[in-house]
Number of protein chains: 2
Amino acid sequence: MSETEPRPDSPRRARTRERLMDAAFEVFAEQGLAATSVEQVAEHAGFTRGAFYSNFSTKEELLLALMTRERDRWVASLSERVPAVFPFAAGPPIEAEIGAAVAALLAGPTNHRHAALIQGEFRLLALRDPELARAFEVHRMALEDSLVDIVDDAVSRSGRRLRLDTRSMVRVVVALHQDAVERSILAGAEGDPMESVHLELARLLTAITELR
Amino acid sequence: MSETEPRPDSPRRARTRERLMDAAFEVFAEQGLAATSVEQVAEHAGFTRGAFYSNFSTKEELLLALMTRERDRWVASLSERVPAVFPFAAGPPIEAEIGAAVAALLAGPTNHRHAALIQGEFRLLALRDPELARAFEVHRMALEDSLVDIVDDAVSRSGRRLRLDTRSMVRVVVALHQDAVERSILAGAEGDPMESVHLELARLLTAITELR
DNA sequence: CGTATCCGATACAGGAATGTATCCGCTAAG
DNA sequence: CTTAGCGGATACATTCCTGTATCGGATACG
């Protein structure tokens, strides 16, 4: 019964952690994890380093908390939007429909640029640290499972079949989506960069996914 | 006619640069660019910081030189191996053949883990710095163009057609390959991790690429 | 073999980030 | 309203890294 850290979870504490995560989301995305000092995060949140060290022990711990929060929001958002995005009945099949729908789902509510950068940061860290690799897998799996359910549901409602098992399908879509987003950032897209991304992605998916 | 840096390219100098790049390849891959000090790179190469500052002005400059070198080796290796990897005549089509061949080409001669990590490091940097973004694009394009030529050649020899334009096809393959390699690293694969990667990739490609 | 030159080693100063220890003021509970 | 204690600010010592300036020795060439 030896609790290592019996820190009470006061409402004040929760608010501070929240603000620190908000700050980390921005600063980590803009400068990168390693290039960001603890002080910069705290300052951006309107605190000093004292607040940080009172709530987290390392930058990585903060990043992990942040990723968990984002994932939960993300999956929740997905679950909500599913019905609206898959309106097609069991009627006639339009190949692009599923492509566009999945792309719309993946688009999500968050800042794409920041999300992509932080995701990349997290992945790179996980590729080196087995500890974080496990956390990253949990993260990825939670998303993947949700998507598999969604796609399975939509496909079965359409009364047709994918040419690939659903999980592989989802992995392909996620990988291509990620690549497309990064490509658009690298191209220095202004305005709403996601528009062209989704056009391109839908085109690829139409060719690739073709229902049977 | 004002040369900014008329540094003579002595043989000794070239050797030192080479050793520094070798060291950077390892240390950057293991610790990440930002987490690595100039001293660590120099030391790992058997030098002190003096040698580094005599040859490069920033870590980024070293990384860029490194990536250029790796790309050149990479493309050269590809060009050499093409004939051996595409032995199939205009005869009967085996769908998996092109998938396995492309996978073998992408595998290349280098350390996969390190290559993937450094590539990720470079990409992440490019996503933030427009300067590096351009360099990254050059890098990516050089590889992509080579692959397009290779695939075009192989497909035309087979007397069939891809269900996707070649460039999109290549992008899909590269993106999926990258994803597969990262996935295998994250899974903590021991031994030869590329074996399972290529099996999985070939399976996906078989389903996706199907010649017409 | 001798030598001028180039290149990497060494020394130094400055700056910045980290983690801890301590303190005070705010907050939430009664 | 009062108070106990939590949470964030402040101060400090330490460590590490950077960039430059200078020097001595190896190297390539005649």
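- B:Ser77 and B:Arg81 share a side-chain donor-acceptor pair at under 3.5 Å.
- Nucleotides of DNA chain D nearest to A:Gly50 and B:Gly50 differ in position, and the one nearer the 5' end is that of A:Gly50.
- Rounded to the nearest 0.5 Å, atoms NE2 (A:His139) and CG (A:Leu132) are 12.0 Å apart.
- Summarising the geometry, the separation between CD on B:Glu60 and C1' on D:dG19 is reported as 15 Å, rounded to the nearest angstrom.
- The separation between B:Phe56 atom CZ and D:dT18 atom P is 15 Å, rounded to whole Å.
- In this structure, A:Glu60 and A:Leu33 have side chains that are in contact, with non-hydrogen atoms separated by less than 4.5 Å.
- Phosphate proximity of D:dG7 to A:Arg13: present, with a side-chain N or O under 4.0 Å from OP1 or OP2.
- What separates CZ of A:Arg12 from C1' of D:dG7 is a distance of 5 Å, to the nearest Å.
- Using a 4.0 Å cutoff on non-hydrogen atoms, the parts of residues 25-49 of chain A near DNA chain C are A:Ser37, A:Val38, A:Arg49, ordered by number.
- Between A:Val38 and A:Tyr53 there is a side-chain heavy-atom pair separated by less than 4.5 Å.
- A sub-4.0 Å separation between OP1 or OP2 of D:dA28 and a side-chain N or O of B:Ser10 is absent.
- An OP1 or OP2 oxygen of C:dG8 is reached within less than 4.0 angstrom by a side-chain nitrogen or oxygen of B:Asn55.
- For A:Glu43, the CD atom is loosely surrounded, since the number of other residues' heavy atoms within 6.0 Å does not exceed 12.
- Distance, A:Arg19 CZ to D:dG7 P: 15 Å, rounded to whole Å.
- Of all non-hydrogen atoms in B:Arg123 and B:Glu182, the two that sit nearest each other are NH2-OE2, 3.7 Å.
- When distances are taken from the side chain of A:Tyr53 to each of D:dG19, C:dG19, C:dG8, the shortest belongs to C:dG19.
- Side-chain contact check for B:Gln40 and B:Thr36: no donor-acceptor pair (N or O, by modelled atom type) lies under 3.5 Å.
- For the OP1/OP2 pair of D:dA28 and a distance below 4.0 Å, the side-chain nitrogens and oxygens of B:Arg15 include at least one atom meeting the criterion.
- Each end of the helix from C:dC1-D:dG30 to C:dG30-D:dC1 gets its own rotation axis from five pairs of C1' atoms, and the angle between them is 40° to the nearest 10 degrees.
- Protein atom NZ of B:Lys59 is 16 Å distant from nucleotide atom P of D:dC16, rounded to whole Å.
- One atom, CZ of A:Phe52, and another, P of D:dT10, lie 18 Å apart when rounded to the nearest Å.
- The aromatic ring centroids of B:Phe52 and B:Phe47 lie 6.0 Å or more from each other.
- Nearest nucleotide to the B:Ala51 side chain, out of C:dA9, C:dC26, C:dC7: C:dA9.
- Rounded to whole Å, atom C1' of C:dC6 lies 15 Å from atom CZ of B:Arg17.
- Between B:Arg69 and B:Asp22 there is a side-chain heavy-atom pair separated by less than 4.5 Å.
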